[in-house]
Amino acid sequence: MFKEELLKGRRILVTGGGTGLGLSMGRRFLELGAELVICGRREEVLAEAAKTLSAETGGKVETHGCDVRDAEAVEAMIEAIWANGPLDALVNNAAGNFISRTEDLSPRAVDAVLNIVLHGSAYTTLACGKRWLKDERKAAVLNIVTTYAWTGSAYVVPSAMAKGGVLAMTRSLAVEWGGRGIRVNAVAPGPFPTSGAWERLVPRPDLARIFETQNPLGRVGDHRELADLACFLLSDGASYINGEVVTIDGGEWLQGAGQFNFLRRMTGEDWDSLKPKRKK
Ligand code: HXC
Ligand code: NAP
C-alpha cells in the first residue's frame with residue numbers, strides 16, 4: 001500500500017508503545033523507515049518490545065521509562081529525546097481504562113484514567129509543541145481516541161470524559177498550531193484485540209464475543225489496518241489533513257445512531273413478508 005520509504009528519517013514517539021496498538025503502530029513506522037521512540041511505565045516491557053522490533057525490522061528503537069501523568073518526568077523525557085535528535089511526530093497512545101458502574105468509582109479511580117489519558121496527552125503534546133514552535137519545525141501529532149469521545153458511553157465514563165477532552169485538544173491545536181507547521185489529528189478505533197483492553201473491558205468470553213462482533217462488518221479490526229492509517233496520517237500524503245478524527249471501526253458507532261438500524265436483524269424472508277403490509 002505504501003512506498004517502503006514513506007516515513008524515512010522521521011523520528012516518532014509513541015507513548016505506551018511497548019504493548020498493544022502502540023507496539024503495532026511502532027512496528028509499521030519502522031518498516032516504513034522511521035526511527036522509533038517508545039515510552040511507558042514498565043521499562044522491562046519497553047526493552048523487550050525494542051529488542052523484538054529491532055530484530056523484526058532492523059530499525060532503531062529508543063526507549064524511555066516514563067509515567068505520562070508526571071509532567072516533570074515528561075519534560076525530562078522529551079529533553080532527553082531531543083538530546084538525541086528532535087522528534088518529527090508524536091502519537092498519544094498511552095491510556096488507562098476499565099469498566100465499572102460509575103457510582104462505584106472512587107475519586108482515585110476517576111483520576112487514574114483522566115490523569116493518564118487527558119493530562120498525559122496534554123503534557124507530551126505541550127513538551128513537544130513548545131520545541132517545534134521554537135525551532136519552526138514541521139511536525140505531526142496523532143491522538144488515539146475512541147468513538148465514544150463524541151457519543152459518550154456508559155460504564156467507561158472517566159475514559160469517555162478523557163477521550164472527549166483529547167478530541168477537543170486535537171481540534172483546538174489544529175487551528176492554533178496548523179499555520180505554524182504542526183498538524184494535529186486523531187484516529188478513533190473500534191475493537192482491535194489487545195490484552196490490555198480485553199482484560200479490563202470485556203473480561204468474560206460472552207462479553208468479549210459481543211464486543212468483537214457488534215459492528216456491521218461482524219469482526220474486529222486487524223492491527224495492520226490501524227497501523228497503516230496512522231502511517232498515512234503522519235506522512236506527507238496527509239499534509240492537508242488537520243484537525244480531523246478518522247474513525248476505523250467497521251461502522252460500529254453509526255449503527256448505534258440510525259433509528260432504523262435495528263432492521264439489520266431482518267432476514268430476506270422478513271422483508272418479503274412485509275411487502276404486502278408496507279404502504280407504497
Ligand atoms: C473500579 C478500579 C478498577 C476497576 C482500578 N480501580 N481498577 N476501580 N474498577 N476495574 C481503582 C483502584 O481501586 C484505585 O482506587 C484507583 O482506581 C487507582 O488504581 P491503581 O491500581 O492504583 O492505579 P494505577 O496503578 O495507576 O493503574 C491505572 C489503571 C490500570 C488505569 C487503573 O488499569 C492501568 O495501569 N491501565 C493501563 C493499561 C490500560 O488500561 N489499557 C487499556 C486501554 S484500552 P482506590 O480508591 O481503591 O485507591 C482503551 C480502549 C478504549 O482505552 C475503547 C475501546 C473501544
Ligand atoms: P494497552 O496495550 O493496554 O496500551 C496502553 C499502553 O499505555 C501500555 O503500553 C501502557 O504501558 C501505557 N501506559 C498506561 N499508563 C501509562 C502512563 N501513566 N504512562 C506511560 N504509559 C502508560 O491497550 P491498547 O488496546 O493497545 O490501547 C492503546 C490505545 O488505543 C489507547 O489509547 C486506547 O484507548 C486506544 N483504543 C484501543 C482500542 C482497542 O480496541 N484496543 C479501541 C479504541 C481505542 P505501561 O503499563 O507499561 O505504562
Side-chain angles (χ1 to χ4, degrees), residues 13-27 38-50 63-71 73-74 77 91-121 123-124 142-149 151-153 155-164 166-167 186-203 207-208 210-212 214-215 219-223 225-227 229-230 245-250 252-253 256:
L13 168 62
V14 181
T15 67
T19 66
L21 299 182
L23 182 68
S24 297
M25 288 188 280
R27 177 181 293 110
I38 54 177
C39 75
R41 290 167 298 178
R42 292 166 297 164
E43 300 206 19
E44 68 286 1
V45 169
L46 297 170
E48 187 60 35
T63 66
H64 291 268
C66 177
D67 187 331
V68 296
R69 293 174 289 193
D70 179 343
V74 169
M77 171 181 70
V91 180
N92 281 311
N93 165 80
N97 198 3
F98 47 78
I99 49 163
S100 173
R101 289 183 302 188
T102 305
E103 64 268 32
D104 293 339
L105 291 172
S106 70
R108 265 177 51 78
V110 173
D111 289 351
V113 175
L114 279 161
N115 285 345
I116 302 171
V117 177
L118 184 61
H119 293 262
S121 302
Y123 299 154
T124 51
L142 185 64
N143 296 319
I144 313 301
V145 298
T146 67
T147 57
Y148 60 59
T151 63
S153 176
Y155 307 112
V156 283
V157 169
S159 176
M161 293 164 66
K163 295 288 190 184
V166 173
L167 184 55
V187 291
F192 284 75
T194 66
S195 48
W198 260 234
E199 284 165 8
R200 292 176 177 88
L201 299 174
V202 282
L207 301 177
I210 297 170
F211 186 54
E212 288 159 8
Q214 63 168 0
N215 64 75
R219 68 166 174 91
V220 293
D222 185 321
H223 284 210
E225 292 171 318
L226 177 71
L229 175 61
V245 53
V246 181
T247 301
I248 175 163
D249 74 342
E252 182 187 38
W253 87 270

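Note that ligands are numbered from 1 as they come in the structure, with each ligand's atoms numbered from 1 the same way.
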Checklist entry - For ligand 2, what are the residues with a heavy-atom contact below 4.0 Å? => result G16, T19, G20, L21, G40, R41, R42, C66, D67, V68, R69, N93, A94, A95, I116, I144, V145, T146, K163, P189, G190, P191, F192, T194, G196, A197, W198
Answer yes or no: is there a side-chain heavy-atom contact under 4.5 Å between [X] and [Y]?
{"X": "L226", "Y": "S24", "value": "no"}
{"X": "V157", "Y": "M161", "value": "yes"}
{"X": "V166", "Y": "N92", "value": "no"}

Checklist entry - Rounded to the nearest 0.5 Å, what separation is found between the CG atom of L118 and the CG atom of D111? => result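 One gets 11.0 Å once the value is rounded to the nearest 0.5 Å.
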Check for a donor-acceptor pair, side chain of [X] on one end and backbone N or O of [Y] on the other, with a separation under 3.5 Å.
{"X": "K163", "Y": "G152", "value": "no"}
{"X": "D67", "Y": "R69", "value": "yes"}
{"X": "H119", "Y": "V68", "value": "no"}

Checklist entry - Taking only residues two or more places apart in sequence or in another chain, which ones pass side-chain contact (heavy atoms from CB on, under 4.5 Å) with D249? => result T147, T247, E252, W253
Next on the checklist: Checking A50 now: which residues fulfil side-chain contact (heavy atoms from CB on, under 4.5 Å) with it, not counting sequence neighbours?
Outcome noted: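 Partners of A50 by the side-chain contact (heavy atoms from CB on, under 4.5 Å) criterion, ordered by chain and then number, come out as V61, T63.
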Item to check | Residue contacts for ligand 1, heavy atom to ligand atom, distance under 4.0 Å | outcome: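 Residues within 4.0 Å of ligand 1: R41, R69, A95, G96, N97, F98, S106, R108, A109, A112, T146, Y148, G196, A197, R200, L201, F211.
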